[in-house]
Number of protein chains: 2
Amino acid sequence: METIHPHTAALIRKLESLAPLAPEEKAALLGLPLRLKTVAADQDIVCEGDRPSECCLIVEGFACRYNLTGEGKRQILSFHIGGDIPDLQSLHLRVMDHSLGTLVPSKLAFIQHDALRSFMRSHPRLGDLFWRDTLIDAAVFRQWIVGLGRREARGRIAHLLCELLVRLRAAELVEDHVFGLPVTQAELGDALGISTVHVNRVLQELRGENLISWRGETLQVLDWEGLKQAGEFDPTYLHLVKREAL
Amino acid sequence: METIHPHTAALIRKLESLAPLAPEEKAALLGLPLRLKTVAADQDIVCEGDRPSECCLIVEGFACRYNLTGEGKRQILSFHIGGDIPDLQSLHLRVMDHSLGTLVPSKLAFIQHDALRSFMRSHPRLGDLFWRDTLIDAAVFRQWIVGLGRREARGRIAHLLCELLVRLRAAELVEDHVFGLPVTQAELGDALGISTVHVNRVLQELRGENLISWRGETLQVLDWEGLKQAGEFDPTYLHLVKREAL
DNA sequence: CGATACGTTGACGGAAATCAACCCCGGTGG
DNA sequence: CCACCGGGGTTGATTTCCGTCAACGTATCG
């Protein structure tokens, strides 16, 4: 098993969207020991109740964190893309209080907690940056709460699409307001606390207003200003350094 | 202005609920330079858009974080009690993406970011513990999302009451399943995405089933098992070390 | 003693859940 | 080759949880 990989490229890009990186910091990141793995769609990476000893970096793909309730309903807590480390919190919280799974076939890279800890000791500035990343994670949760508590279906969907566009653009996965959204309407509903049927109706509404078009797995934002307005979207909470074209 | 205070007692108790502390660590915490302040009820401590240079430790009182939407609706994001540092995230996120305000007259203690940063450099284990605290914060957000997305009013209220009971017990503010809850029904509604009217009805339901009694600012949990069941409450997500009597 | 904040109650309406079809499409296998 | 199947999307009918409106009770306070 190799221990040095170029697969940290996505991670470096992600971290650079949060703060500028010095060349030696990027070099250090390239030295992180990774265990690579390719997984199919709809596979659990970590499960609620697990006590993982490593974190999962998404190199390529699409994943989500979720919780299951008593009646078998699923609540999706967040979506994750290349460069994200969705279970970074496991470094300091022994037990997983939710699960993490893929939505499409994905390339993952696992980093041992020990390796991460000693890495952050030798690079405290990057340690702080990882902390910052988990704090932004929490900020996204807060916005999600606002949506679930105070916005109706239309606003929730619009807001989520705005958020994904901005995050995917930071990951350089958006071309001309078009991006791949490999998510079913049922999954959208599980994320936004809306039934599949209603998700469908609202999407048709948004399409009818020419705010978006969504064919297959390709989503195009036709009216960025209109969509932002529909979702009351303000990207401040994502705390990105590059704020152009928001 | 004094620089050494015994007002860190609440903080120490809080941190001890997350991980055991060594005597020298407690001593170090007592040396944190604090700026004390007493504020009335319903006062903002920090506002959305601010760029604070200090964090706020709640010594005594009750506070909440909240967001206002376009139509002036308020979404409360979390409740905070003695020992909490609700805006710890401002250490690494320059701009506040939400506001923080008191619910009752409270004693606050402000700690300069610089002081906190240098403190954590000299006490890395405590630095990690602060990080852990913000991660638990995020875990609480996740549970709120599950509640807002997947539980109906009854379950949301029950879950919130369970959470408050457990957290207040960790802060040694619960005696015999009785605690002070200085929150109006309107505020409960703003926290749970429910209208005041409906909060009222559900509370009557819970009282009618003899799960709780709530007179004035005193809440008594009459049927702990029943309330936990009503809210599908599992305290794992709070990641407390003392897990007795949950 | 009004004023104000909070709690309570009833009537009505609406956003969205649920139930139940049905369509379309790609895969698979007899 | 085509029948069958399953997942995802679409649509309509019906139900329900909860919001809104509006009124009234109650307690605290200057």
Side-chain angles (χ1 to χ4, degrees), chain A residues 40-43 62 64 69 71-76 102-105 147-160 180-208 212-219 230-231, chain B residues 40-43 62 69 71-76 101-105 147-160 180-208 212-219 230-231:
Chain A
D42 299 309
Q43 301 300 305
F62 223 90
C64 74
T69 73
E71 296 81 44
K73 291 185 179 179
R74 174 175 65 164
Q75 175 65 45
I76 292 180
T102 58
L103 293 172
V104 295
L148 287 166
R150 291 288 163 214
R151 275 191 272 269
E152 46 192 46
R154 184 187 141 88
R156 290 185 211 174
I157 294 183
H159 194 279
L160 177 56
L181 186 58
V183 168
T184 66
Q185 296 185 359
E187 284 158 348
L188 260 194
D190 283 348
L192 299 173
I194 304 170
S195 71
T196 309
V197 174
H198 201 59
V199 168
N200 184 284
R201 287 195 242 265
V202 173
L203 282 175
Q204 287 178 54
E205 193 183 314
L206 293 178
R207 284 189 293 228
I212 60 168
S213 100
W214 189 0
R215 292 185 313 281
E217 300 197 339
T218 303
L219 193 133
Chain B
D42 298 308
Q43 300 301 306
F62 222 90
T69 73
E71 296 80 44
K73 291 185 177 178
R74 175 176 65 167
Q75 175 65 46
I76 292 179
T102 57
L103 293 171
V104 296
L148 287 166
R150 291 289 164 214
R151 277 191 271 269
E152 46 193 46
R154 185 187 140 87
R156 290 185 212 175
I157 293 183
H159 194 279
L160 177 56
L181 186 57
V183 168
T184 67
Q185 296 184 359
E187 284 158 349
L188 259 194
D190 283 347
L192 298 172
I194 303 170
S195 71
T196 310
V197 174
H198 201 59
V199 168
N200 184 283
R201 287 194 244 265
V202 173
L203 282 175
Q204 287 179 54
E205 193 184 313
L206 293 178
R207 283 188 294 228
I212 61 168
S213 100
W214 190 0
R215 291 185 314 283
E217 300 198 339
T218 303
L219 193 135

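Protein chains get the first letters and strands the later ones, always in sequence-line order, with residue 1 at the start of each.
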Peer 1: Does the side chain of B/Gln204 get closer than 4.0 angstrom to OP1 or OP2 of C/dT9 through an N or O atom?
Peer 2: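 Yes, such a contact exists.
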Peer 1: With nearest nucleotide decided by heavy atoms, which residue, A/Val197 or A/Arg151, maps closer to the 5′ end of DNA chain C?
Peer 2: A/Arg151
Peer 1: Counting N and O atoms only, with roles assigned by atom type, does the side chain of B/Gln43 sit under 3.5 Å from a partner on the main chain of B/Ala41, one being a donor and the other an acceptor?
Peer 2: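 Side chain of B/Gln43 to backbone of B/Ala41, a donor-acceptor pair under 3.5 Å: yes, one is there.
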Peer 1: When you measure from the side chain of A/Thr102 to the backbone of A/Pro105, do you find a donor-acceptor pair of N or O atoms at a distance under 3.5 Å?
Peer 2: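 No.
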Peer 1: Considering non-hydrogen atoms only, spot the tightest contact between B/Glu187 and B/Ile76 and give its length.
Peer 2: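 What the structure gives for the nearest pair is O-CD1, 3.5 Å.
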Peer 1: Looking only at the side chain of B/Glu152 (C-beta and beyond, no hydrogens), which of the listed nucleotides D/dC18, C/dT18, C/dT8 gets closest?
Peer 2: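 Closest nucleotide to the B/Glu152 side chain: D/dC18.
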Peer 1: Can you figure out which of D/dG19, C/dT9, C/dA17 approaches the side chain of A/His198 most closely?
Peer 2: C/dA17
Peer 1: Okay, side chain of B/Arg156, backbone of B/Arg151: is any donor-acceptor separation there less than 3.5 Å?
Peer 2: yes
Peer 1: Given atom CZ of B/Arg201 and atom C1' of C/dT8, what is their separation to the nearest angstrom?
Peer 2: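 Those two atoms, CZ and C1', are 9 Å apart.
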Peer 1: From CD1 of B/Ile157 over to P of C/dG7, roughly how many Å is that when rounded to an integer?
Peer 2: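 Whole-Å distance recorded here is 12 Å.
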Peer 1: In this structure, how many angstroms lie between the C1' atom of C/dG26 and the CD atom of A/Glu217, rounded?
Peer 2: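 From A/Glu217 CD to C/dG26 C1': 13 Å.
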Peer 1: Whole-Å distance between C/dA17 P and A/Glu71 CD?
Peer 2: 15 Å
Peer 1: Check whether any side-chain N or O of A/Glu205 sits under 3.5 Å from a backbone N or O of A/Arg154 as a donor-acceptor pair, and report yes or no.
Peer 2: no
Peer 1: Is it true that A/Asp190 and A/Lys73 make a salt bridge, defined as a side-chain N closer than 4.0 Å to a carboxylate O?
Peer 2: no
Peer 1: Can you tell me the distance, in whole Å, between the CH2 atom of A/Trp214 and the P atom of D/dG9?
Peer 2: 7 Å
Peer 1: Grab the CD-C1' distance between A/Glu205 and C/dA16 for me, whole Å please.
Peer 2: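 Atom-to-atom, A/Glu205 to C/dA16, this comes out as 13 Å.
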Peer 1: Verify the contact: side-chain N or O of A/Asn200 to OP1 or OP2 of D/dT10, cut-off strictly under 4.0 Å; return yes or no.
Peer 2: yes
Peer 1: Nearest-Å distance, CG (B/Leu203) to P (C/dT8)?
Peer 2: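 For the pair B/Leu203 CG and C/dT8 P, the rounded distance is 8 Å.
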Peer 1: To the nearest angstrom, how far is B/Arg215 atom CZ from D/dT26 atom P?
Peer 2: 18 Å
Peer 1: Sequence neighbours excluded, which residues qualify as side-chain hydrogen bond (donor to acceptor under 3.5 Å, both in side chains) partners of B/Thr196?
Peer 2: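 For B/Thr196, no residue satisfies side-chain hydrogen bond (donor to acceptor under 3.5 Å, both in side chains) once neighbours in sequence are set aside.
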Peer 1: Describe the nucleic acid contact of B/Arg207 in one word from base, sugar-phosphate, nothing, applying a heavy-atom distance below 4.0 Å.
Peer 2: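 B/Arg207: backbone/sugar contact only, no base atoms under 4.0 Å.
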Peer 1: For DNA chain D, which residues in residues 184-196 of chain B have a heavy atom at a distance below 4.0 Å?
Peer 2: B/Gly193, B/Ile194, B/Ser195
Peer 1: Between C/dT9, D/dG9, D/dC18, spot the one nearest the side chain of B/Ala153, thanks.
Peer 2: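 Output: D/dC18.
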Peer 1: With the side chain of B/Lys73 defined as its heavy atoms from C-beta on, choose the nearest nucleotide among C/dT18, D/dT10, D/dT20.
Peer 2: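 Between C/dT18, D/dT10, D/dT20, the one nearest the side chain of B/Lys73 would be D/dT20.
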